[in-house]
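Accompanying notes for the structure given below.
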Number of protein chains: 2
Amino acid sequence: MKKIGKFVSYTDQVYREIKDAVISLDIRPGDSLQERSIAEKLGVSRTPVREALKKLEFEGWVETIPWKGVVVKEIERQDIFEVFQCRYANEGFVGELVASLITEEHITDLKEYQKRMTTLAEQDRQQFINEDRDFHMYLAQLTGNSRLIQFLDHLSDQMLRFGIRAVSNDSRMKETLKEHQAIIDAFETGSKEKARKALEFHIQNSQDILLAMIDEEDAN
Amino acid sequence: MKKIGKFVSYTDQVYREIKDAVISLDIRPGDSLQERSIAEKLGVSRTPVREALKKLEFEGWVETIPWKGVVVKEIERQDIFEVFQCRYANEGFVGELVASLITEEHITDLKEYQKRMTTLAEQDRQQFINEDRDFHMYLAQLTGNSRLIQFLDHLSDQMLRFGIRAVSNDSRMKETLKEHQAIIDAFETGSKEKARKALEFHIQNSQDILLAMIDEEDAN
DNA sequence: ATGTGGTGTCTGGTATACCAGTTGAATACC
DNA sequence: GGTATTCAACTGGTATACCAGACACCACAT
């Protein structure tokens with residue numbers, strides 16, 4: 001978020017507002033967003049709204065259909081597949097990289113995540129999902145590669161949009177915890193290969209579960 | 001590029017113009033870009049210039065320094081390292097994916113690239129670099145994963161900016177051709193593992209050469 | 001000579017007016 | 001009633017005016 005001192009521009013406020021609404025599905029895929037009506041509703045001019053929409057378009061959340069308006073992109077099966085495929089390639093790589101530079105403190109931090117998530121699994125599903133994202137992004141941060149981090153962050157954002165269904169059944173949450181533990185264990189052995197495999201396995205499983213759920217829904 | 005029929009917006013024209021200038025180093029890192037003077041020079045208003053600069057900022061080409069102006073980002077050693085690291089992870093993965101779905105026709109196409117590049121190596125370095133980029137992007141396209149393609153495309157853009165030096169010595173061009181051949185050979189065997197390794201090897205070599213050149217320059 | 005305050009002029013951020021292409025519904029015509 | 005046509009009301013794209021923060025510089029007071 002761009003800030004100038006303590007000042008947060010309208011553009012960024014509008015951007016966050018719309019993006020959150022899109023991720024949380026308050027704005028459904030297929031809904032159209034009009035610069036003028038959003039501007040009116042939020043009490044700002046078209047300019048910041050326009051810039052916020054442009055940014056969302058760059059990021060692939062919405063698309064501009066000429067003379068129609070800005071439309072929230074549908075979630076296709078293909079989208080989910082692509083996001084997981086990208087995560088598979090890059091998080092596996094993250095595992096390999098991180099395995100060679102991780103320290104005791106980092107592992108302690110990971111165990112903290114694990115502890116919190118174990119508690120949250122029975123209390124707050126939304127928060128569980130957020131924590132899951134943070135777990136993965138924590139690993140990404142350790143690589144120190146800003147481009148890699150940004151890409152994975154972007155993918156995580158997209159996960160949130162369809163991820164809610166993915167983890168929200170109890171058995172999958174338990175599996176998630178097990179797989180995270182396996183990842184931590186792999187780091188403790190220090191093996192690059194094991195760390196990669198553990199992350200790949202975890203991502204692959206998430207993908208399989210989510211796609212299976214989608215296919216089931218579509219069948220109805 | 002967003003088009004409405006045959007109409008290309010000023011925003012996109014300005015975007016392309018500035019981006020090309022940045023990539024080709026006509027605009028040097030550290031140079032500052034002023035909305036007003038660019039608008040005047042190109043004969044358009046601030047609005048499209050502003051939007052073009054926003055897009056460039058989002059893509060990481062420039063950064064906005066409050067009350068100072070929009071400044072073209074410097075190329076640090078770290079940037080080169082990051083780009084290659086991302087390419088290593090993702091192009092290796094591309095190799096693995098593509099190996100299982102590549103056809104005879106595709107391999108023929110790759111050999112065409114190889115033929116053209118062999119000729120260009122002795123004639124036109126700039127064109128050699130463009131063709132090299134196309135070779136890699138052709139492989140990326142075969143995955144059909146638009147997010148992966150977009151990411152690699154973005155990385156390739158950044159390569160152009162510092163890549164000119166990377167391939168522009170004769171011995172490296174010859175090596176590049178050999179390594180591309182090895183990639184094609186790997187695809188012909190159909191082995192996922194070999195294809196991945198061949199691409200990883202190629203990227204790793206490019207990185208080593210380029211970073212060595214940078215370090216040498218910096219030493220002077 | 002030095003410190004201080006005013007001021008002109010940079011910057012990006014925002015509001016607003018206007019334009020042109022598109023669409024679709026009301027209307028005119030058969 | 002059915003079909004062609006017109007036109008008003010959308011849309012995003014662009015130009016322009018104005019604002020406030022930041023900063024460099026110079027005059028002036030000490």
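The chains referred to below are lettered A, B, ... by the order of the sequence lines, with proteins before strands, and numbering in each begins at 1.
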Under-4.0 Å side-chain N/O to phosphate OP1/OP2 contact, A:Arg50 with D:dG13: yes

Nearest-angstrom distance from the residue atom CZ of B:Arg46 to C1' of C:dT14: 10 Å

CA sep, side-chain torsions, deciding dist, call: A:Asp20, A:Arg16, salt bridge (charged side-chain N to carboxylate O under 4.0 Å, His left out): CA-CA 6 Å; A:Asp20 287 345; A:Arg16 273 261 49 108; 2.7 Å; yes

Integer-rounded Å distance: C:dG13 C1' and A:Tyr15 OH: 19 Å

Atom-to-atom span, CD of B:Glu51 to P of D:dT14 - whole angstrom: 7 Å

Distance below 4.0 Å between B:Thr11 side-chain N/O and D:dT14 OP1 or OP2: yes

A:Gln34 side chain near D:dT11 phosphate (N/O to OP1/OP2, under 4.0 Å): yes

Interatomic distance where CD1 belongs to B:Ile38 and C1' belongs to D:dA15 [whole Å]: 17 Å

C:dA15 phosphate, OP1 or OP2, under 4.0 Å from A:Ser45 side-chain N/O: yes

A:Tyr138 side chain to A:Glu112 side chain, donor-acceptor N/O pair below 3.5 angstrom: no

Within 6.0 angstrom of B:Gln123 CD, more than 12 heavy atoms from elsewhere: yes

Atom pair distance, as rounded to whole Å: CD in A:Glu40 and P in D:dC10: 12 Å

Contact nearer the 5' end of DNA chain C, comparing B:Thr47 with B:Ser37: B:Ser37

Sugar-phosphate, base or nothing in reach of A:Leu53, heavy atoms under 4.0 Å: nothing

Atom-pair distance (CD on B:Glu35; P on D:dT14), nearest Å: 15 Å

Any side-chain heavy-atom pair of A:Arg50 and B:Glu51 under 4.5 Å: yes

Nearest-angstrom distance from the residue atom CZ of B:Arg36 to P of D:dA15: 15 Å

Gap between atoms CD and P, on B:Glu63 and C:dT11 respectively (whole Å): 17 Å

Ring geometry between A:Tyr113 and A:Phe135 (parallel below 30°, tilted from 30 to 60°, perpendicular above 60°): perpendicular

